[in-house]
There are 2 protein chains.
Amino acid sequence: MLQASVDIDTSEALTERQKAVLDAALRLLVEEGDQLTMTAVARRASCSKETLYKWFGDRDGLLTAIVQWQASKVRVVPVDGKGLTLASLTVSLARFASDWLKVISSDTSIALNRVAIGRAGSGNDDLGAIVLENGRFALARRLKPVLEAGRQAGLLEFTDAEAAFRTFFGLVARDVQIRLLLGDQLKLTDAAIGGDAVRATQQFLALYGAKTGPQGPLEPDDFRSSRPEI
Amino acid sequence: MLQASVDIDTSEALTERQKAVLDAALRLLVEEGDQLTMTAVARRASCSKETLYKWFGDRDGLLTAIVQWQASKVRVVPVDGKGLTLASLTVSLARFASDWLKVISSDTSIALNRVAIGRAGSGNDDLGAIVLENGRFALARRLKPVLEAGRQAGLLEFTDAEAAFRTFFGLVARDVQIRLLLGDQLKLTDAAIGGDAVRATQQFLALYGAKTGPQGPLEPDDFRSSRPEI
DNA sequence: GCCGAACCGTAACGTACGGTACGCCCTTCG
DNA sequence: CGAAGGGCGTACCGTACGTTACGGTTCGGC
């Protein structure tokens with residue numbers, strides 16, 4: 001839907017020093033919010049403003065570089081659908097849900113989404129597109145093969161993988177992201193995230209699980225850990 | 001969770017002229033996004049900047065007044081749960097879903113949420129709290145009585161109305177709001193909104209509907225219209 | 001008709017910040 | 001060892017914008 005153009009490999013020509021500067025800028029962005037000033041970045045990163053402008057062009061370029069840098073740090077763990085069982089599918093879905101909740105509730109994600117949304121109003125929708133591409137759309141790209149594998153294995157029933165994905169997305173995220181973005185002091189403990197992930201997964205299976213055979217609800221014990229992805 | 005303090009009756013001491021100024025400012029906000037300037041508001045509203053400052057204190061006060069003014073325009077239509085049937089409950093839920101989708105996809109809502117989210121980073125979380133209070137939380141206050149009535153009538157089964165509401169919220173909104181806020185050019189026709197509302201309602205009933213008796217899926221024809229609320 | 005209050009239009013002020021220029025240090029290489 | 005260049009620190013410029021001040025106009029009350 002949005003651009004295939006910005007499917008960034010970026011993080012290429014970045015020296016260690018530049019990565020360090022971007023990390024400092026990112027930390028500052030998380031602390032200060034949108035009124036991130038070039039002078040503050042230079043001071044925090046112990047570099048000169050002139051260097052910032054030489055490397056990133058202008059403030060927008062710096063912001064874009066920060067977002068892409070953060071995106072490049074989130075690496076994809078491919079999931080293959082061999083020998084898929086209901087149990088393994090369930091675990092995969094729950095882990096996706098858990099990872100996703102951890103991401104959207106992280107300070108970094110909140111700060112990045114805030115600045116991207118703030119700029120989305122004014123012409124320059126680069127940031128919004130990048131965030132969307134590396135957030136919502138990246139998740140869809142990773143999850144859809146799992147859903148398809150589940151359908152191939154006769155565990156799921158759906159005609160439109162996109163629609164199924166969006167339902168899963170809604171069941172997982174619910175009102176969490178918008179509340180956090182608007183400043184609601186929502187407390188998401190690891191336990192709460194795990195519970196929400198399991199609940200969302202069970203609800204999704206109730207809606208899209210194949211109706212073949214009696215399929216009792218899974219016990220929480222059937223779900224196993226999750227690895228944060230940043 | 002957030003504030004009971006800001007449960008605004010505002011729109012009280014507002015003269016017609018002031019309302020007109022706020023309307024002009026709101027229109028400008030929708031057009032210009034966050035870089036709304038006091039000079040531009042004064043020019044658009046044909047008033048002096050001095051008047052703006054006298055009435056609203058400062059730029060933040062103006063923004064707050066705009067948000068509260070818009071909030072005060074959205075009036076609640078109480079829904080009573082007398083003689084509730086599965087059909088009438090279904091129609092009520094679908095109408096809530098449709099109304100909600102119309103709201104979050106409106107230019108006004110997007111602009112307001114953007115500015116509130118932009119400011120949520122910097123101390124001043126008034127705007128975020130107000131938007132939350134008049135959006136997400138207002139919807140919950142309106143919908144929960146319907147859910148409770150549905151449970152009383154034996155049509156729904158749940159233990160936690162808040163959890164049920166949040167699931168409904170997720171099924172309705174899915175990724176729509178975040179995509180729109182980030183600048184995705186999502187096209188939501190009235191037909192698409194109606195279809196999504198019906199789908200979300202059916203999914204919600206599949207998850208929370210009472211299991212008593214055979215309950216075949218409803219036909220789209222069973223759903224009737226919806227009234228936009230702004 | 002006169003007075004004061006409210007309000008319009010605009011000029012002016014102060015500041016914050018994006019962007020640029022320059023001097024100096026430190027490393028590297030011829 | 002000297003020249004060059006990358007990069008740090010800082011001073012500086014221009015501008016946009018929030019905020020204030022002021023002169024002129026309209027309007028209701030006496």
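In what follows, every chain begins at residue 1, and chains take the letters A, B, ... in the order their sequences are listed. Please read these numbers as outputs of a predicted model, since none were measured by experiment.
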Review point. So, A/Y208 and A/Q203: side-chain donor and acceptor under 3.5 Å apart, yes or no?
Key: no
**Study point:** 4.5 Å side-chain heavy-atom contact, B/L207 and B/L171
**Key:** yes
Study note, to complete from the structure: Atom NZ of B/K54 and atom P of C/dA5 are separated, to the nearest Å, by 10 Å
Review point. Within this structure, what is the CZ-to-C1' distance between A/R59 and D/dT15, rounded to whole angstrom?
Key: 16 Å
Point to revise | Phosphate OP1/OP2 of C/dC8: any B/R17 side-chain N/O under 4.0 Å | key: yes
Check your understanding: Can you find a side-chain donor-acceptor pair between A/S98 and A/K102 that sits under 3.5 Å?
Key -> yes
Practice item. Report yes or no: does A/R114 contribute a side-chain atom to a donor-acceptor pair with the main-chain N or O of A/L181 at less than 3.5 Å? Key: yes
Check your understanding: Are the side chain of A/S105 and the backbone N or O of A/L101 linked by a donor-acceptor pair below 3.5 Å?
Key -> yes
**Study point:** Note, B/R174 side chain near A/F165 side chain (heavy atom, < 4.5 Å)
**Key:** no
Check your understanding: When the distance from CG of A/D58 to C1' of C/dC17 is rounded to whole Å, what number comes out?
Key -> 14 Å
Review point. Closer to the 5' end of DNA chain D via nearest nucleotide, is it B/S48 or B/Y53?
Key: B/Y53
Check your understanding: Taking OP1 and OP2 of C/dC7, is either one under 4.0 Å from a side-chain nitrogen or oxygen of B/W55?
Key -> yes
Review point. Can a donor-acceptor pair under 3.5 Å be found between the side-chain atoms of B/K49 and the base atoms of D/dT19?
Key: yes
Review point. Quick one: is B/T51 getting a side-chain N or O under 4.0 Å of the C/dC7 phosphate, OP1 or OP2?
Key: no
Practice item. Rounded to the nearest angstrom, tell me the gap between atom CG in A/L62 and atom C1' in C/dG19. Key: 13 Å
Exercise for review: Verify the distance criterion only: is there a donor paired with an acceptor across the side chains of B/S109 and B/S106 at less than 3.5 Å?
Suggested key: no
Point to revise | Near-strand residues of residues 35-46 of chain A, defined as heavy-atom separation under 4.0 angstrom from DNA chain D | key: A/S46
Practice item. Kindly indicate whether the side chain of B/E50 and the base of C/dC7 share any N or O donor-acceptor pair separated by less than 3.5 Å? Key: no
Check your understanding: Tell me: CG of B/D34 to P of D/dC17, nearest whole Å?
Key -> 12 Å
